[in-house]
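The shown structure was predicted, so the numbers you read here are calculated from the model rather than taken from an experiment. Naming convention: chains lettered A, B, ... in sequence-line order (proteins, then strands); numbering from 1 in each chain.
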There are 2 protein chains.
Amino acid sequence: MIQKKITIKDIARKANVSIATVSNVLNNKGRVSTKTANKIKQIIEQDGYTPNLSARSLKNKNSHLLSVIVPYLHKGEFQDKPYFWQVITGIESGARNENFHVMLTGISDDENLSFIEERHLDGIIVIGIDKNSNLLEKIINLNKPCVFMDSYLDDEKLYQVHSNDRLGGYLGTKHLISLGYNKIILISGITGKIKKQSGVDYQRYLGYRQALAEARIPYSDQLVFEEGQTMVNGYYSAQKILGCLDDNTAIFVLSDIGAMGLIRGLNELGVTVPTDISVMGYDDIFYTNYMVPSLTTIKQDIFNKGQKAIDLLLAQIKGNSLEERKISLPVELRIRESTIKRSR
Amino acid sequence: MIQKKITIKDIARKANVSIATVSNVLNNKGRVSTKTANKIKQIIEQDGYTPNLSARSLKNKNSHLLSVIVPYLHKGEFQDKPYFWQVITGIESGARNENFHVMLTGISDDENLSFIEERHLDGIIVIGIDKNSNLLEKIINLNKPCVFMDSYLDDEKLYQVHSNDRLGGYLGTKHLISLGYNKIILISGITGKIKKQSGVDYQRYLGYRQALAEARIPYSDQLVFEEGQTMVNGYYSAQKILGCLDDNTAIFVLSDIGAMGLIRGLNELGVTVPTDISVMGYDDIFYTNYMVPSLTTIKQDIFNKGQKAIDLLLAQIKGNSLEERKISLPVELRIRESTIKRSR
DNA sequence: AATATTTGGTTAAATGTTTAATCATTTAAG
DNA sequence: CTTAAATGATTAAACATTTAACCAAATATT
């Protein structure tokens with residue numbers, strides 16, 4: 001026995017008013033006496049009316065629905081990245097506080113984004129899109145409220161949130177240097193990324209170079225490995241860097257899970273962290289503190305990053321003017337067991 | 001310059017037909033000659049028409065939108081659980097293949113679920129709801145297509161997906177026994193859960209008892225610790241169990257991240273895994289293979305579980321009849337470094 | 001007292017679809 | 001040749017809202 005849903009019309013009839021009046025009460029618009037307003041509110045309460053959002057959306061051309069877009073989410077690789085999960089719980093949390101719902105959407109290069117229009121989405125958050133992706137242009141052309149996370153896009157008009165990645169790269173490198181090492185191996189994300197000068201890893205790479213320069217350590221291309229960001233990538237990079245290792249060497253992996261994989265890989269090759277070599281990661285996912293050895297890393301406040309993104313998005317949607325369209329969140333060095341002073 | 005969106009009406013005018021005909025072409029319904037159909041299709045293609053899903057939803061009372069509901073998602077605890085992320089990527093992947101979108105929603109006990117009706121959601125997937133939660137009744141009363149994951153609900157009418165948790169508990173325990181231990185500590189999830197006989201951990205607990213019984217090892221309540229499922233929980237449980245440990249003891253933690261925390265905690269107390277004690281986990285999240293020591297665990301195919309759930313949900317939505325409403329996925333023992341034979 | 005303004009509402013159009021009912025026209029059947 | 005059925009399309013209602021335009025009554029202003 002499916003009971004028909006109660007509409008504004010039913011409420012109006014019962015309250016002996018027009019539907020316009022009910023609508024006005026619902027939206028606190030127009031003029032309606034407190035008396036009738038109360039009567040209507042009571043009936044609404046009693047009968048358990050809830051609005052039909054499709055109808056509302058049709059009329060208003062909005063939806064109170066946001067989309068978090070993760071390029072290539074459906075590729076298995078992403079399952080390995082707790083980073084995203086933290087960001088997304090942050091976003092969901094911020095959105096729900098403001099009565100928005102969140103759609104999670106993976107897209108690929110050839111995908112069409114019509115669903116954004118079709119569903120009257122109020123805004124989107126795009127995580128980690130490449131500067132050169134043809135998706136980027138498509139997204140910008142949508143002209144929807146939008147926030148880009150973890151991308152470094154030149155356009156001043158775009159809203160962007162990321163951590164201070166350059167500082168992170170700098171701090172990490174400097175830490176390793178300060179421990180007495182002068183040969184710092186950098187293991188970064190997806191191949192080609194650094195050269196394409198897009199994304200967070202390039203910024204971290206710049207920080208790396210800055211720290212080297214300040215310490216008057218010559219930069220060498222041979223020490224920068226672009227391996228990918230997964231645990232497996234880290235694992236296999238152990239073999240590749242084995243030849244480079246000596247007493248002066250320390251390793252900076254630009255993701256914690258990559259570092260975990262690397263440590264494991266080194267272990268199997270007979271190299272122990274930190275006694276044989278110091279290794280640090282990046283992100284400070286919650287694992288780092290509980291590994292054996294616990295992992296020195298650059299902390300970014302991931303959950304908060306998600307919330308900042310939603311703040312920025314909602315401000316756009318509501319038309320609030322903002323001083324700054326680009327938010328750069330602080331990072332911090334977290335020293336733990338995986339890095340130790342060079343024992344001459 | 002915001003250009004007005006093209007509607008079915010515009011297409012109709014341009015093709016010199018009624019809007020009904022265009023609609024029929026769009027939905028492959030009604031009778032329309034291939035000639036006009038082609039003409040209309042061409043214009044649609046040319047002008048880049050895309051439907052207004054709000055209008056459609058209003059008329060059809062559906063949305064091609066699903067919700068994954070995670071009770072208490074917004075509690076920080078969930079950020080620590082890569083398990084969910086894997087499930088959800090599985091769900092999203094399955095949904096997008098069938099042209100559905102996925103909303104991610106956290107809810108709390110007192111929350112109202114009106115959004116499900118309001119948005120005309122086509123179905124929902126609920127992860128890990130408690131048998132005694134008052135949310136459960138609310139959800140069932142919605143009478144929407146629904147799949148419950150990782151809950152053991154008695155109602156035969158409900159669609160459910162989970163792994164064979166009882167077997168998992170059995171296999172893990174049996175493995176430890178087979179290594180020569182006769183005192184098996186069980187560290188499980190949220191306090192009270194086992195006693196309330198709901199959820200996956202209770203099933204695993206039953207398997208644990210079965211394995212003990214088969215081996216004629218007396219069961220003791222003292223060896224079952226209900227600590228919670230996070231890494232921090234595992235970490236602090238180290239202290240609590242320290243008094244119980246002896247040469248005959250092995251530990252079965254009902255989550256991998258809990259096991260990681262425990263191993264770390266034990267380490268800090270001077271107990272090394274596996275040389276001093278064998279520890280195994282549960283889930284086989286991708287970390288397990290890369291930890292040092294790598295973690296013996298019970299593997300469940302998490303991503304696949306998400307996809308199975310979506311299959312079950314879509315079958316309901318499409319009205320396909322199903323032989324079986326309950327899917328129990330296989331589990332497997334994965335022996336790694338964290339458990340070793342008892343050295344008498 | 002006459003006029004202007006405010007208050008508290010109503011009417012009706014509009015939003016973009018789907019679909020049942022209807023209607024010509026063409027084809028098939030008797 | 002007449003009638004029945006099939007084909008291809010149109011009309012108009014319905015879905016649940018919002019909102020601009022309008023209106024009557026009450027109150028304020030001159």
Can you give me the closest heavy-atom contact between A/Arg119 and A/Ser63, atom names plus distance?
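Here A/Arg119 and A/Ser63 meet closest at O-CB, 3.6 Å.
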
Send over the distance from [X] [atom1] to [N] [atom2], rounded to a whole Å.
X: B/Arg13; N: C/dG16; atom1: CZ; atom2: P; answer: 12 Å
X: B/Asn24; N: D/dA9; atom1: CG; atom2: C1'; answer: 9 Å
X: A/Leu26; N: D/dT17; atom1: CG; atom2: C1'; answer: 10 Å
X: A/Ile8; N: D/dT19; atom1: CD1; atom2: P; answer: 11 Å
X: A/His120; N: D/dT17; atom1: NE2; atom2: C1'; answer: 13 Å
X: B/Lys29; N: C/dT17; atom1: NZ; atom2: P; answer: 15 Å
X: B/Arg119; N: D/dT17; atom1: CZ; atom2: P; answer: 14 Å

Any [X] side-chain nitrogen or oxygen under 4.0 Å from OP1 or OP2 of [N]:
X: B/Asn27; N: C/dT18; value: yes
X: A/Lys5; N: D/dA16; value: no
X: B/Thr21; N: D/dT10; value: yes
X: B/Lys9; N: C/dT17; value: no

With B/His64, which residues qualify under side-chain hydrogen bond (donor to acceptor under 3.5 Å, both in side chains), at least two apart?
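Listed in chain order: nothing, the list is empty.
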
Run the salt-bridge test on A/Lys305 and A/Asp150 with the 4.0 Å N-O cut-off and return the result as yes or no.
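A salt bridge links A/Lys305 with A/Asp150.
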
Looking only at atom types and distance, does a side-chain atom of [X] sit under 3.5 Å from a main-chain N or O of [Y], one as donor and one as acceptor?
X: A/Lys131; Y: A/Leu136; result: no
X: B/Asp10; Y: B/Thr7; result: yes
X: A/Asn60; Y: A/Asn62; result: no

B/Ile129 and its side chain to side chain contact (heavy atoms under 4.5 Å, CB included) partner, picked from B/Ile127, B/Val126, B/Asn132:
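With B/Ile129 as partner, B/Ile127, B/Val126, B/Asn132 yield a single side chain to side chain contact (heavy atoms under 4.5 Å, CB included), made by B/Val126.
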
Quick one: are A/Cys146 and A/Ile139 in side-chain contact, heavy atoms under 4.5 Å?
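Yes; the side chains approach each other to less than 4.5 Å.
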
Compute whether any side-chain donor of one residue and acceptor of the other, for B/Ser108 and B/Glu111, lie under 3.5 angstrom apart.
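B/Ser108 vs B/Glu111: donor-acceptor pair found between side chains.
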
Do the side-chain N and O atoms of B/Ser57 and B/Ser54 include a donor-acceptor pair separated by under 3.5 angstrom?
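No, no side-chain donor-acceptor contact under 3.5 Å.
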
Relative orientation of the end axes in the helix from C/dA1-D/dT30 to C/dG30-D/dC1, expressed as an angle to the nearest 10° (five pairs per end)
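About 40°, once rounded to a multiple of 10°.
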
May I have all residue pairs that pass ring pair (Phe, Tyr, Trp, His ring centres under 6.0 Å) and include part of residues 107-143 of chain A, sequence neighbours excluded?
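Residue pairs passing ring pair (Phe, Tyr, Trp, His ring centres under 6.0 Å), neighbours aside: A/Phe115-B/His101.
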
Going by the salt bridge (charged side-chain N to carboxylate O under 4.0 Å, His left out) test, which pairs reach into residues 47-76 of chain B, not counting sequence neighbours?
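Listed by first then second residue: B/Lys14-B/Asp47.
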
Would you indicate what [X] reaches in the nucleic acid, counting non-hydrogen atoms under 4.0 angstrom: base, sugar-phosphate, or nothing?
X: B/Ser23; result: base
X: B/Ser33; result: sugar-phosphate
X: A/Ile19; result: base

So if I define the base as every atom that isn't primed, P, OP1 or OP2, how would nucleotides 21-27 of chain C read as a B/S/- string at a heavy-atom cutoff under 4.0 Å?
-------

For residues 40-65 of chain A, which residues have at least one heavy atom under 4.0 Å from DNA chain C?
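Under 4.0 Å from DNA chain C: A/Leu58, A/Lys59, A/Lys61.
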
What nucleotide, of C/dT10, D/dT10, D/dA9, holds the atom closest to the side chain of A/Ser18?
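So the nucleotide nearest the side chain must be C/dT10.
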
